Amino acid sequence: MGNVLVIAQILDGEVKKSTNCAVSFASQVASFLGGTYSIMALGDDLSGQTEVLSKLGADKVLLAEAAGLDENLAERWMPIIEQAIKAGGYQVVVSPSSSTGKDVFPRLAYRLNAGMASDVIGVSQDGGKVSYVRPMYAGNVNGTVQIASDVEVVTIRPTEFDAMAPVDGMSPVEKVAVPDAPEILGRIQFKGFEKSVSARPDLAEASVVVSGGRGLKSEENFKLIEALADLLGGAVGATRAAVDAGFIHNDFQVGQTGKIVAPDLYVAVGLSGALQHVAGMKSSKVIVAINKDEEAPIFQVSDFGMVADLFKVLPELTEEIKKVVK
Ligand SMILES: Cc1cc2nc3c(=O)[nH]c(=O)nc-3n(C[C@H](O)[C@H](O)[C@H](O)COP(=O)(O)OP(=O)(O)OC[C@H]3O[C@@H](n4cnc5c(N)ncnc54)[C@H](O)[C@@H]3O)c2cc1C
């Protein structure tokens with residue numbers, strides 16, 4: 001029997017959907033191990049999130065509250081999580097593969113002398129062990145790995161796991177003791193958190209994404225992408241080439257070194273479909289591509305393709321959709 005601990009992702013007082021995805025992953029792993037899963041949250045004051053977290057079917061919800069924890073500093077979070085894992089005897093600890101997860105979890109694995117599987121996209125049971133599937137070589141190969149250490153440290157790609165829906169009943173809530181801040185914090189200063197503000201949905205969680213590439217040719221032309229995204233209530237995405245050319249801020253980059261997205265609809269406009277871009281969007285449910293080059297690799301992964309000049313068809317498409325979308 002082995003139990004699983006999920007570290008919740010909270011931003012601006014909101015429990016992120018990626019937490020629910022990590023919880024559904026944890027519930028599968030716990031069932032393989034014949035154990036239970038618990039959820040741990042860290043923050044200055046978690047009174048606003050406790051109810052949401054306690055409706056996710058967990059064995060218990062652990063709250064670590066102390067001034068400064070909202071800063072998400074890995075140096076501050078890590079010893080608190082380490083202590084909770086040791087006290088609870090958890091076998092598997094999981095977090096979304098967010099910037100916090102990527103920052104905290106490798107350090108945690110080191111401290112626990114544990115093996116780690118990052119960016120996990122699938123899970124199965126193999127004898128008494130859990131097998132984790134993770135992309136390698138920019139998504140060209142999927143590796144299946146098992147972790148041999150007593151504690152298994154895992155980050156998951158949230159887009160690959162359904163979000164756990166709220167359940168009836170409430171999990172018991174426990175406050176955990178927060179160890180004193182480690183000495184290293186005396187040498188680190190939190191300066192601030194700059195969040196990109198947008199009226200559009202969060203790129204990583206949007207159900208529609210309209211992305212533009214180098215084919216857009218300018219920042220001004222990206223307004224064509226924005227117009228279609230707004231019409232569909234979607235987010236705007238971009239390729240690295242478009243970002244590097246200064247057409248759009250790198251917050252919008254989709255791909256291996258950008259955001260990983262898996263919307264219901266992904267519209268790819270004037271982008272070639274390079275491996276590193278496709279690595280970040282290939283799990284989208286429906287992919288529509290517009291490219292003037294019929295040989296463009298994006299057509300190999302798209303469900304619908306239009307070989308056309310984007311400057312002609314994109315405004316026409318937007319006008320036609322306007323007629324049917326209120
Ligand atoms: C380590 C590494 C990491 C990387 N990470 C990422 C990443 O995270 N995300 C990412 O996107 N890239 C990433 N890249 C870059 C990637 O390899 C490509 O260079 C990039 O994705 C290409 O962007 P693009 O498709 O916009 O440009 P291009 O490849 O230049 O494609 C432009 C496309 O627009 C089409 N086009 C041009 N004009 C029109 C028109 N008028 N109408 C219709 N179509 C038109 C062309 O036919 C062409 O297919 C990475 C590269 C490396 C080496």
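As the structure is a prediction and not an experimental result, all values here were calculated from the model. Excluded from the calculations below are hydrogen atoms, water molecules and symmetry mates; all remaining heavy atoms, backbone and side chain alike, are included. Read the numbers this way: they start at 1 and go in the same order the structure lists the ligands and their atoms.
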Donor + acceptor pair across side chains of Thr144, Tyr132 (<3.5 Å): no

Between Thr239 and Arg214, is there a side-chain donor-acceptor contact under 3.5 Å, judged purely by atom types and distance? no

Table please: side-chain donor-acceptor pairs of residues 158-173 below 3.5 Å, with sequence neighbours left out.
from	atom 1	to	atom 2	distance (Å)
Glu160	OE2	Ser283	OG	2.6
Ser171	OG	Ser54	O	3.2
Ser171	OG	Ala58	N	3.3
Ser171	OG	Ala58	O	2.8

Considering only NZ, NE, NH1 and NH2 on the basic side and carboxylate oxygens on the acidic side, decide whether Lys323 and Glu319 come within less than 4.0 Å. no

Flag the pair Asp119 and Arg157 as a salt bridge only when some basic side-chain nitrogen lies within less than 4.0 angstrom of an acidic carboxylate oxygen. yes

Could you tell me the separation between the CG atom of Asp103 and the CG atom of Leu108, rounded to the nearest 0.5 Å? 11.5 Å

First-shell residues of ligand 1 [heavy atom, distance under 4.0 Å]: Gly213, Arg214, Gly215, Lys217, Thr239, Arg240, Ala241, Gln253, Val254, Gly255, Gln256, Thr257, Gly258, Gly270, Leu271, Ser272, Ala274, Gln276, His277, Asn291, Lys292, Asp293, Ala308, Asp309, Leu310, Phe311

